[in-house]
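First up is the structure itself, then whatever we jot down about it.
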2 protein chains.
Amino acid sequence: MSGGVEWALHCCVVLTSVDEPAPAARLAQLHDVSPSYLAKQLQALSGAGLIRSVQGKAGGYILARSPGSITVLDVVEAVDGPSPAFVCTEIRQRGPLATPPEACTAPCAIARTMAGAEQAWREALRAVSIADLARDVGSTNPGALAGISTWLRQAQA
Amino acid sequence: MSGGVEWALHCCVVLTSVDEPAPAARLAQLHDVSPSYLAKQLQALSGAGLIRSVQGKAGGYILARSPGSITVLDVVEAVDGPSPAFVCTEIRQRGPLATPPEACTAPCAIARTMAGAEQAWREALRAVSIADLARDVGSTNPGALAGISTWLRQAQA
DNA sequence: GATTAGATACTCGGATAACGGCTGTCCGAGTATAAGGGG
DNA sequence: CCCCTTATACTCGGACAGCCGTTATCCGAGTATCTAATC
């Protein structure tokens, strides 16, 4: 899995508590990560329609939808790509004892098992929204999001 | 995910129906895949204790345990490695507004969500055994495993 | 015919290159802002 | 005092290298089998 997923999720949580656009460079120095690379992830999120980019001098990124309607799965798929990790090569149709194509209407047992597991993984990620994450952060570390919100609108040191 | 997982699973299903050791080269040409690379995957399975290697002229690989006691998760972890796909970098402890370490006793909400999803994925794979896969293949394509078994002990064309 | 020594051929095992994708970086296009001059 | 033009500085967006993991491959160590000679 791409490591940028973690950055993207944290940025989405931060964007939950700000109303003004937050620049990518500011988010980068907040998390102490590479600004250019974080920009790439934010571009992916913007392309997926999860966040909206505002250009100009006071521009930046804001959430495109309600935090409760953005799931963790949305972010993961936007950054890592929607294609599943396991892809069946249909090797049962290859080799000297290949099974005839007319007997391969349904996916094989291995492909079904893998697909089911990924489906369970996907459902678990779909069940959690960005709002849930923000609520949890606010409960374990009260005032953190508010402090970040005020820090974001301050001029850099 | 590593593509060799599919090969390893198919090989395990094939090994279910043979009592004599099956050489890696024979399994490779049965599935029409690279012999050398398949050997690597089988080595991983052997190192994990799932299959047992028999050396010598009539050597090869056989299942080390009962097919019902080998889960798909065992094979996936043996080939792909046991380390989870998502690793928390603890970026909440970095940057100008880093949360103090004494407040980071428990994993953050993001890490917990990801861990929960991977746990669900893992449980789904643990619920299916190699015996289940073989039974399914035998029902959808009767006689296939028996044919493979006889073909494996024949001399190569 | 049984036994034993040897040669053989086949097996796995680990060490070694080539490719693709993730990681990291850069500069150009575009725009809201701010300043400044004029009415 | 208000408005318009201009310059500015800041933003995103896509195009460009570097590194690590997966893919693919090879040859050497080791052993059960087969052969053949001997008793």
Side-chain angles (χ1 to χ4, degrees), chain A residues 1-8 11 15 18 20-29 31-62 64 76 78-81 83 85-87 89 91 152-153 155-156, chain B residues 1-8 11 15 18 20-29 31-62 64 76 78-87 89 91 152-153 155-156:
Chain A
M1 158 157 334
S2 176
V5 172
E6 187 184 7
W7 301 5
C11 286
L15 288 180
V18 296
E20 305 173 6
R26 181 50 65 99
L27 291 170
Q29 77 176 22
H31 297 86
D32 190 21
V33 296
S34 169
S36 306
Y37 190 36
L38 181 64
K40 200 181 212 14
Q41 317 298 342
L42 294 174
Q43 280 175 35
L45 264 62
S46 174
L50 301 181
I51 63 179
R52 183 157 290 280
S53 68
V54 178
Q55 284 207 349
K57 188 167 186 177
Y61 286 104
I62 55 174
V76 172
V79 173
D80 249 28
S83 50
F86 181 87
V87 286
T89 319
I91 64 180
L152 275 176
R153 75 185 79 232
Q156 69 177 1
Chain B
M1 159 157 333
S2 176
V5 172
E6 188 183 6
W7 301 3
C11 286
L15 288 179
V18 296
E20 305 174 6
R26 181 50 65 99
L27 290 170
Q29 78 176 21
H31 297 85
D32 190 20
V33 297
S34 170
S36 306
Y37 190 35
L38 181 64
K40 198 180 216 7
Q41 318 296 343
L42 294 175
Q43 280 175 33
L45 264 61
S46 174
L50 301 181
I51 63 179
R52 184 157 290 281
S53 68
V54 178
Q55 284 208 348
K57 187 165 186 178
Y61 287 104
I62 55 174
V76 172
V79 174
D80 250 28
S83 51
F86 181 86
V87 287
T89 318
I91 65 179
L152 274 175
R153 75 185 80 232
Q156 69 176 0

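Chain letters run A, B, ... following the sequence lines, proteins first, then strands; residues in each count from 1.
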What one should report as the nearest heavy-atom pair of A:Tyr61 and A:Ala24 is CE1-CB, 4.1 Å

Is there a side-chain contact between B:Ser53 and the phosphate of C:dT11, meaning an N or O under 4.0 Å from OP1 or OP2? no

C:dC12 phosphate, OP1 or OP2: any side-chain N/O from B:Gln43 under 4.0 angstrom? no

Identify whether any heavy atom of A:Ala24 sits under 4.0 Å from a base atom; if not, whether one sits that close to sugar-phosphate; answer base, sugar-phosphate or nothing. sugar-phosphate

Nearest whole angstrom, please: distance from the P of D:dT22 to the CG of B:Asp80. 7 Å

For nucleotides 29-36 of chain C, read 5' to 3', which letter fits each nucleotide if B means a protein heavy atom sits under 4.0 Å from the base, S means only the sugar-phosphate is that close, and - means neither? --BS----

Which heavy atom of A:Leu42 sits nearest a heavy atom of A:Leu27, and at what distance? CD1-CD1, 4.2 Å

Keeping the roles fixed (side chain from B:Glu20, backbone from B:Arg153), state whether a donor-acceptor pair exists under 3.5 Å. no

To the nearest angstrom, the CE-P distance between A:Met1 and D:dT22 comes to 14 Å

Round to the nearest Å and state the distance from B:Leu45 atom CG to C:dG13 atom P. 11 Å

Would you name the heavy atoms of B:Ala48 and B:Ala78 that are closest together and state the gap between them? CB-CB, 3.6 Å

Might you point out which heavy atoms bring B:Pro21 and B:Ile62 nearest each other, and give the distance in Å? CA-CG2, 3.4 Å

How long is the line joining CD of B:Glu20 and C1' of D:dA32, in whole Å? 14 Å

Rounded to the nearest 0.5 angstrom, the CG-CG distance for B:Leu15 and B:Leu50 is 11.0 Å

Nearest-Å distance, CD1 (B:Ile51) to C1' (C:dT11)? 13 Å

Which whole-number value in Å describes the distance from A:Trp7 CH2 to C:dG24 C1'? 9 Å

OP1, OP2 of C:dC12 versus side-chain N and O of B:Ser46: anything below 4.0 Å? no

Of all the choices, D:dC12, C:dC12, C:dC22, which nucleotide is nearest to the side chain of A:Ser2 once you look at every atom? C:dC22

Roughly how far, to the nearest 0.5 Å, is CD1 of B:Ile91 from NE2 of A:His31? 5.0 Å

On DNA chain D, does the nearest nucleotide to A:Gly59 precede the nearest nucleotide to A:Ser36 from the 5' side, or the other way round? Give the residue. A:Gly59

Between A:Arg52 (CZ) and D:dG13 (P), how many Å, whole number? 10 Å

Among D:dT23, D:dG14, D:dT11, which nucleotide has an atom closest to any side-chain atom of A:Pro23? D:dT11

Residue closer to the 5' end of DNA chain C, A:Gly4 versus A:Ala39 (nearest nucleotide): A:Gly4

Side chain of A:Tyr61 only, please: which of D:dG13, C:dG24, C:dG13 is the nearest? D:dG13

Just compare C:dA15, C:dG24, C:dG13 and give me whichever is closest to any side-chain atom of A:Lys40. C:dG24

Minimum-distance pair of heavy atoms, taken over all atoms of A:Gly49 and A:Ala64: O-CB, 3.4 Å

When the distance from CG of B:Leu38 to C1' of C:dT11 is rounded to whole Å, what number comes out? 14 Å

Closest-nucleotide 5' rank along DNA chain C - winner of A:Pro35 and B:Ala25: B:Ala25

